[in-house]
Amino acid sequence: MRCSVLRMSTLFLRTLREDPSDAEVASHRLLVRAGYIRRAAPGGFTWLPLGWITFRNVERIVREEMDREGFQEVHFPALLPREPYEATGRWSDYGDNLFRLKDRRGADMLLAPTHEEMFTLVVKDLYSSYKDLPLTIYQIQNKFRDEARPRAGLLRGREFTMKDSYSFDIDDAGLDVSYAKHRVAYQRTFDRLGLPYVIVSAMSGAMGGSKSEEFLAPMAIGEDTYVRCTACDYSANTEAVQVAPPSPVAFDGLPAAQVVDTPDTPTIQTLVDLFNARADLRRADRDWTAADTLKNLVVKLKYPDGTIVPLAIGVPGDREVDMKRLEAQVAPAEIEPFSEADFAANPHLAKGYIGPGSLGEDKAAGIRFVVDPRIVDGTAWITGADSPGKHVVHLVAGRDFTADGTIEAAEVHAGDPCPRCSNDLEMARGIEIGHIFQLGRKYAEALGLTVLDENGKTRVVTMGSYGIGVSRAVAAIAELNCDDKGLIWPAEVAPADVHIVATGKATDQQLPAAEILAAECEAAGLRVLFDDRVGVSPGVKFNDAELVGVPTIVVVGRGLADGVVEVKDRRTGERADVPLADVVARLKG
RNA sequence: CGGGGUGUAGCGCAGCUUGGUUAGCGCGCCACGUUCGGGACGUGGAGGCCGGAAGUUCAAAUCUUCUCACCCCGACCA
């Protein structure tokens, strides 16, 4: 606890009258303008006194909520040797995002982007019995990621502070408990930070089947798109949305498949227009739409070991393939486009007219064919006939073709049915402020973390990892708590409880009266920011106070002659004249 | 990594098209005086390798090439 009044006359602070030209988003703009941070390096920021106090408040809250769950704080180096990361494959898997360097002897080192390996190894180093588990340890530390594009100030930097914790359990049931404890701790943490959040299920990606949820703070400038139901509480990352498949339809009475000459139909729209324009193809009940077509896209999957495998994806023609969703499904493989040369090498594929007739592992081209879950048995489609200038209509899934499987890769649209309650979904944006993750045994297996169970048998430990972006949280709070005048901190993270402004000239009564008030507030346990500057005009002080964003502003000014000061709520703008003697009691209440 | 934009004093900007003494303006900063409840005023100051490098030229902030950095949109992002 700080035990002296922060004085504006000596505080290492310079507020800016104008917005910095290189800052776009509100949090970045205001944190720089109000003198909380300065850019020091590409993707790196210096914390100035007000900013550092605020940062430490956030850090303290995170720490208190971790400690409350009985998690124990440790601290690792950020500068680490290559070997542990080599053992788990992440030295190369992390790609360009990893800061790699060499020491004077030429040994490979890295600046840690996250610490799964080191936590796993330290537990391996010290523990070897099931009796030692469960265990959760955490640290609050700077992480390094060589982001392709740092942006938005503190929201995405190359060096940032993260609270990362890791749980160690003997079995899956234990992991579920550790995971649930973190989930609750995170909810409490973000509540205290004054950060609204939604919890969305996220993709487990390469880990396969493990549970993972992200805490997103909803905001327009967020980088993550997620969907939420307009009726129930379902929400999910777009990558993780599970489409509710329609029920299969009976084949009875469906017309037979028919190949049609369709010249000059390079797009889905021209194809639909042609079908609607021709009397012999027109539907009796309604017009054809893009949703009646089946669009087939071929891509190449490149696996980390270098193998390249083609994959065909079929989606309804009214949707594009969402590359992010596709990538999440095929991780750790990367997606590469199917090039002209690939088409040339594969004569079974008619570019632009690819259909189920040529796709599938059992076909001549031998390409695995997976389709959107909406393509259930009994649905009929207009799709490529595998011959230039020809499409086929009434091609029925389950009757005329069978895919090798389904895949969640089609775009999600606003208005799509919620998989839980089938009401409309809507799209929203948010910034990831926390992520909880059931890792399973990947790291324990790779690094040999085992313990003996009660039967003396060796068991691989199962792990979870859990992160909160501490520096990002400061920015997220700022982003969601500001107005056109400046920042408006929630009480617990604010750099002070009260901002006392003394107006008048040096020889007036206001300054000594404010000085006494500041001392009284401090004695009452309030954290005080005191604008004791002389020769600074009142307008400047008022504007600075609003910019800095301490929750309560007390003006010791012209009302002093009547024995009152003005107490102003920064958030609501409400102001009241309060007798000097009652101020401390009012602020404490 | 693609597309777009911007680099001139601590901050915000003008000047560049059409090259020409000593590079300007506002804010901030320093000194003195006045002022003192919504970013006061006067007078006098300090502060610049015009992002960097190479070139063209008698002469470059200005033209050319290369490079670096920052911002935005995409790609990427435990």
Side-chain angles (χ1 to χ4, degrees), chain A residues 14-25 28-29 32-33 35 38-44 85 88 90 93-98 112-117 143-153 155-158 160 162 164-166 202-207 210 212 214 221 223-224 237 239 323-324 327-328 331-332 334-337 431-432 434-439 442-443 464-469 472 485-486 501-508 510-511 531 533-547 553 555-561 565-566 568 575:
Chain A
R14 187 99 315 154
T15 58
L16 305 179
R17 183 181 290 238
E18 291 168 279
D19 284 334
S21 65
D22 61 350
E24 190 84 1
V25 304
H28 186 195
R29 211 162 21 87
V32 171
R33 246 190 85 188
R38 298 293 298 172
R39 197 192 84 90
Y85 286 77
T88 57
R90 293 213 294 179
D93 284 357
Y94 231 95
D96 289 337
N97 270 18
L98 189 65
T114 172
H115 274 77
E116 278 80 3
E117 285 81 356
K143 305 297 185 197
F144 298 84
R145 293 182 197 176
D146 193 358
E147 297 283 351
R149 179 153 88 93
R151 60 176 293 271
L155 283 176
R156 175 170 296 283
R158 301 206 297 177
F160 58 97
M162 179 158 102
D164 49 325
S165 29
Y166 304 85
M203 278 310 297
S204 35
M207 315 304 177
S210 303
S212 165
E214 287 178 13
I221 58 145
E223 301 181 301
D224 295 336
N237 248 344
E239 290 97 302
M323 284 302 164
K324 277 190 169 178
E327 218 153 81
E334 288 175 26
I335 314 287
E336 293 191 352
I431 184 90
E432 181 184 348
H435 198 162
I436 54 178
F437 205 111
Q438 294 199 356
L439 284 176
K442 171 180 165 154
Y443 291 91
S465 78
Y466 317 87
I468 289 178
R472 176 181 282 185
K485 293 187 167 67
V501 173
T503 67
K505 36 189 172 197
T507 53
D508 289 343
Q510 283 96 327
L511 192 58
D531 197 341
R533 293 175 293 180
V534 295
V536 174
S537 75
V540 170
K541 291 184 175 182
F542 295 152
N543 282 310
D544 275 349
E546 277 156 343
L547 181 59
I553 298 165
V555 180
V556 181
R558 61 186 173 199
L560 190 64
V565 299
E566 180 181 301
K568 182 175 169 187
R575 49 178 83 186

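Lettering follows sequence order; numbering is per chain, from 1.
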Checklist entry - Would you say B/G28 has OP1 or OP2 under 4.0 Å from some side-chain N or O of A/Arg17? => result yes
Which nucleotide in the list [options] gets nearest to the side chain of [X]?
| X | options | answer |
| --- | --- | --- |
| A/Arg151 | B/G39, B/C29, B/C72 | B/C72 |
| A/Pro538 | B/G39, B/C77, B/G37 | B/G37 |
| A/Glu24 | B/G39, B/C29, B/C71 | B/C71 |
| A/Glu566 | B/G38, B/G37, B/C29 | B/G37 |

At 4.0 Å (heavy atoms only), tell me whether [X] reaches a base, stays on the sugar-phosphate, or touches nothing.
| X | value |
| --- | --- |
| A/Arg33 | base |
| A/Ala152 | sugar-phosphate |
| A/Gly467 | nothing |
| A/Arg29 | nothing |
| A/Thr114 | nothing |
| A/Glu546 | base |

[atom1] of [X] versus [atom2] of [N]: gap in Å, rounded?
| X | N | atom1 | atom2 | result |
| --- | --- | --- | --- | --- |
| A/Phe542 | B/G38 | CZ | P | 7 Å |
| A/Asp531 | B/C36 | CG | C1' | 14 Å |
| A/His28 | B/C72 | NE2 | P | 8 Å |
| A/Ile221 | B/C73 | CD1 | C1' | 15 Å |
| A/Lys541 | B/A40 | NZ | P | 12 Å |
| A/Leu547 | B/C11 | CG | P | 17 Å |
| A/Arg558 | B/G38 | CZ | P | 7 Å |
| A/Asn543 | B/A40 | CG | C1' | 13 Å |

Side-chain donor/acceptor of [X] to base of [N], under 3.5 Å:
| X | N | value |
| --- | --- | --- |
| A/Glu18 | B/G28 | no |
| A/Asp19 | B/G12 | no |
| A/Arg156 | B/C77 | yes |
| A/Arg39 | B/G10 | no |

Checklist entry - When you look at A/Asn543 and A/Lys485, which way does the side-chain contact (heavy atoms from CB on, under 4.5 Å) test go after all the steps? => result CA-CA 8 Å; A/Asn543 282 310; A/Lys485 293 187 167 67; 5.9 Å; no
Next on the checklist: I want to confirm an ordering. Mapping A/Asp22 and A/Gly539 to their closest nucleotides on RNA chain B, which one lands closer to the 5' end?
Outcome noted: A/Gly539
Item to check | Of A/Val25 and A/Val555, the one whose closest RNA chain B nucleotide lies more 5' | outcome: A/Val555
Next on the checklist: As a quick check of understanding, evaluate salt bridge (charged side-chain N to carboxylate O under 4.0 Å, His left out) for A/Glu116 and A/Arg90, giving each step before the final call.
Outcome noted: CA-CA 10 Å; A/Glu116 278 80 3; A/Arg90 293 213 294 179; 2.9 Å; yes
Next on the checklist: Please determine whether side-chain contact (heavy atoms from CB on, under 4.5 Å) holds for the pair A/Arg38 and A/Val32, giving the CA-CA distance in whole Å, both sets of side-chain angles, and the decisive distance to 0.1 Å.
Outcome noted: CA-CA 6 Å; A/Arg38 298 293 298 172; A/Val32 171; 3.8 Å; yes
